[in-house]
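Below is one structure, written out as structure tokens, with a few remarks after it.
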Amino acid sequence: MSELALALRDIHKRFGATVALEGARCLVRPGTVHALLGENGAGKTTLMRIAFGMLHADSGTLERDGRAVRFGHERDAIAAGVGMVHQHFMLIPAFTVAENAALGGRGHLDRAATAERIRRIGASTGLAVDADARVRDLPVGAQQRAEILRALMQDARLLILDEPTAVLTPLESDELYGWMRRFTASGGTIVLITHKLREALAVADEVTVLRRGRTMLEGRADEISESALVTAIVGEGAPRAEEAPRGRSSGAAVFTLDGASWADAQGVLRLSPTTLTVRAGEILGVLGVEGAGQRELLRLLAGRLSPTAGLVVRPDRVGFIPEDRLHDAVIPDFSLTENHALAEASRLDRLVPWARHAAATSAILESYDVRTTGPAAIMATLSGGNQQRFVAGRERQRAPQALVAENPTRGLDVRATARVLDAVRDVAAQGGAAVVYSADLDEILAMTQRVVVCFGGRVTDVAPPLDPADRSPYARALLGLGA
Amino acid sequence: MDILVAFWDGAFGSTYAFWSATLVRATPLLLVGLAVALAFRAGILNIGAEGQLILGAIAAAAVALQLPPAPRVVMVPLMMLAGMAGGAVWAGIAALLRRRFGVLEVISTIMLNFVALAAVSWMVRGPLQEPTRVYPMSETFAAAARWPFLITGQRLHLGIVLGLLAAGALWFVLARTAVGFRIRAIGAGARAAQSAGGVEPERVAARVFLASGALAGLAGASEVGGVTWALYEGISPGHGYTAIAVALLARLDPRWVVVSAVFFGALEAGGASMQREAGVPAVAVQIVTATILLSVLAIAQWRNARRPVGAPE
């Protein structure tokens, strides 16, 4: 077992004028979990897409099990036992799990046999998914299991997972880690692309860190300290989170829910009657697993939904950073200036003051460190971190006193995360009120004074534990176990 | 060679060819092209400009034929208004179906095109048929209902002025005004327009649909008032469909719709001449048209595909 399962050496890749990879290296030993770390735009996904045959390197070498290979197409990579689960799933929502798994196969589709294989692999790996369920009806965690199962059905022995836990709850993440260990114990190999340092250190055997297209650090996870990793990822002067003091603010009420509830068009109660006050100078943290009601709670606060019963009192202008920014916050084909004006679209009258919006956009680019060519740049050409910094800046600018943020750091690197969270903190520091939902418990605890947990459409205030390091009250509430 | 000569002569070869053939054919294409471009910019797939044009023609003809005699300064504006109203009503049916019942406008507008054809067919055999009741057409309009020519001795008429004004106005509205911005926003990203901008996409879409129909209806009024001076069954040789090509070739930019309408007008004029002078079937021109359109769409698609959208991180 001396030869490497996967070896990428001296990989160069540019997209037009942008240099994505500049001599990157990644050496993956068989039977290991190999974490690939780095900022947004560091080249992690690009490097692994080259390993998966989706992209072609401009120069450099690729080896699989010690043999030099050239993957012209994903098919070649799959034939060599390589699989990849992308950050944004590549399943067809209207198809069932079995149909999706059969995609890319040849010959005629035997639904029963495919479903049977899925059940068999599911049973042996613990990745249970209903083979006959349509993908669009499945929660995100199950969709991810379906993606992994599809790769396993194609006999993948080396699986690349791109930010797999970004959309998972802590419990689901633990299940995934468990499966990863079993998979590597049986001789499989995993490359885990992630932003989460603790996750990488906890689950990975080996680590490779990329920064600006170059390999900065590689080695065994148990021999590398967290601070060394942080330095390698972001260079010097890395931001560090601090735990916020717990307790209640006595400022004036900014948001008030009085028995507010929301039911969907079918009359299903998604958010039970909720009474809640968020005061000036306060950051309220919201926790919840997928579909627990936090989505509705946040939209009531942001004014994107009207309560079907009860009362919501909120400021006229509330900044809102939605989870799905490309669909809900910005228009990818519009310029940054147009996207700035978008937030005012329904308030505008007569002529659009384009010059003013361009100037305000420039100010955001400056103060939120959005890296692009200028206000006329098209949104779609920005990286995810830059897009999110723009959205955070825009929402802060138009509503300085109230901000609602929904998983605002999803998929962002350390630096972008810090900038976005700073925007949230600024609101409270300047006497406003902010509400943040995050799938990351650490993130919530690090920055909020008060935490509510959504479970089954109910919102519960969680009293801060006596020992600040004790996270069990939050975990229990998240799982509906009571305080 | 003769074929190309015939084509050139018919489209640009003489002042008459340009002013009276090419531009007269470009006029309805310009107005309907703008109608289609406006709808498409808002994400409404209005394939029904053909039917809306026909309804506009019927309404304008009805005003010209049924109203008591009036001077031209009264009659012509009334015909314009009637044409716009006719087109808007026809589009309004599809808009209502979309809003109330979620019927896809692609389906409803295509079906309404056939209803419009049947309607005009009935009109010229029934209520609006000429007095002798022999020909399936209306009586010829009185002089007051004939739109003024712009140049003596040329057939170019008031309609192109309306088209150019509409193009300028539409460009201004889309590029500069809040209303136009909301229209572009719902077309480019309805969810973001609603979530981030507080725009109600369906309300905006319904209004755009009506405006698009009105523009197409105006083209119908312009055809009966400026060219035929009577209502015929074949009042539109598929202008509403050609207009989709006109709008797409212009990449939905009102300024370029002017250029692209003249281009397609020249193709039609040249094609007619080719058929007359060189015996080449007009279908050849349609093949040219289709080839151009496919090339434009393919190039646009290719450029889009090359753009680093959501560049990997």
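Naming convention: chains lettered A, B, ... in sequence-line order (proteins, then strands); numbering from 1 in each chain. All values below come from the heavy atoms of this structure, side chains included, with hydrogens, waters and symmetry mates left out.
In this structure the side chain of A:L47 reaches within 4.5 angstrom of the side chain of A:L21, judged on heavy atoms.
If you measure heavy-atom distances from B:R182 to chain A, the contacts under 4.5 Å come from the side chain alone. At a 4.5 Å heavy-atom cutoff, the contact between A:R350 and chain B is made by backbone atoms alone. Proximity to chain B is absent for every atom of A:R299, based on heavy atoms less than 4.5 angstrom apart. Neither the backbone nor the side chain of A:A302 has a heavy atom closer than 4.5 Å to any heavy atom of chain B. Heavy atoms closer than 4.5 Å to chain B are found nowhere in A:E395, neither backbone nor side chain. Looking at B:A175, the atoms closer than 4.5 Å to chain A (heavy atoms on both sides) all sit in the backbone: N, CA, C or O.
Between the A:D58 side chain and the A:R14 main chain, a donor and an acceptor come within less than 3.5 Å of each other. Checking side-chain atoms of A:S346 against main-chain N and O of B:G197 turns up a donor-acceptor pair under 3.5 Å. No donor-acceptor pair closer than 3.5 Å links the side chain of A:T372 to the backbone N or O of A:A377. At distances below 3.5 Å, not a single donor-acceptor pair connects side-chain atoms of B:R255 with backbone N or O atoms of B:W171.
When the candidates A:D328, A:L348, A:V352 are compared by the number of heavy-atom contacts under 4.5 Å with chain B, A:D328 comes out ahead. Of the residues considered (B:A196, B:A188, B:G189), B:A196 shows the highest number of contacts with chain A, using heavy-atom pairs under 4.5 Å.
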### Query
When you look at B:Q52 and B:N46, which way does the side chain to side chain donor-acceptor pair (under 3.5 Å) test go after all the steps?
CA-CA 10 Å; B:Q52 291 143 24; B:N46 179 10; 3.0 Å; yes

